[in-house]
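What follows is one structure encoded as structure tokens, with my remarks underneath.
Ligands are counted one by one from 1 in listed order, and the atoms in each one are counted from 1 as well. The first residue of the sequence shown is numbered 1, and numbering continues consecutively from there.
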Amino acid sequence: MKRAIYPGTFDPVTNGHIHIAERACKLFDEVIIAISAVSYKNTFFSVSERVELMQESVKHLKNAKVESFSILSVEYAEQRQAQALIRGLRAITDFEYEMQLAAMNKRLNSNLETLFLMTSGEYSFLSSSVIKQVSMLGGSVKNLVPDVVEEMLKKKYKA
Ligand code: ADP
């Protein structure tokens, strides 16, 4: 059984993340989308909200599972017996950080491979932060995030 972990903050999940998850699901028997409960980033959505939004957004992916975790990604991958970590790559700015992370993860567990999937052009400049900035000021994020995320953003920013 080939299993991969796709870890991230997903605050909130965007169509860029979904596109990576869909492609990973074609490569592996099972993909665990692992939502980090402890992050150095201050999150706008709680971990249970992020899990719920992700679950709704990947309902069409039969071999995807959504879980939250609060340990090192490499440890979580080991616990779940995954052979690979999936990471998405956008424009060149992602490379340095992702290379550092992959090198550190390799040091922590040399059996685990990090697999990078390049995003498609339409999502190259899409990030959860840009989505939050635009939504906060009432701008439309239609077609950039799953519908359920769009609704939740509207609700939260109204409140
Ligand atoms: P983290 O806090 O771990 O970087 P993110 O939720 O920001 O978590 O991102 C999770 C993964 O998805 C990262 O590998 C990131 O590079 C990737 N990612 C983020 N946005 C996009 C996008 N628009 N297209 C493809 N991959 C993306």
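With sequence neighbours left out, K2 forms a side-chain hydrogen bond (donor to acceptor under 3.5 Å, both in side chains) with no residue at all. Judged as a side-chain hydrogen bond (donor to acceptor under 3.5 Å, both in side chains), and not counting sequence neighbours, the contacts of D94 are R90. In terms of the side-chain hydrogen bond (donor to acceptor under 3.5 Å, both in side chains) criterion, E150 has no residue partners (sequence neighbours excluded).
Enumerated by chain and number, the residues approaching ligand 1 to less than 4.0 Å through a heavy atom are Y6, P7, G8, T9, F10, G16, H17, I20, K41, R87, G88, R90, D94, E98, T119, Y123, L126.
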> Checking side-chain contact (heavy atoms from CB on, under 4.5 Å) for the pair Q79/F69: CA distance, chi angles, key distance, verdict?
Replying inline: CA-CA 11 Å; Q79 252 182 35; F69 73 112; over 6 Å; no
>> Could you walk me through whether H60 and E22 satisfy the side chain to side chain donor-acceptor pair (under 3.5 Å) test, starting with their C-alpha distance in whole Å, then the side-chain angles of each, then the deciding distance to 0.1 Å, before giving a yes or no?
In response: CA-CA 9 Å; H60 61 296; E22 285 170 349; 2.9 Å; yes
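Below 30°, between 30° and 60°, or above 60°: for F44 and Y157 the angle between ring planes is below 30°, a parallel geometry.
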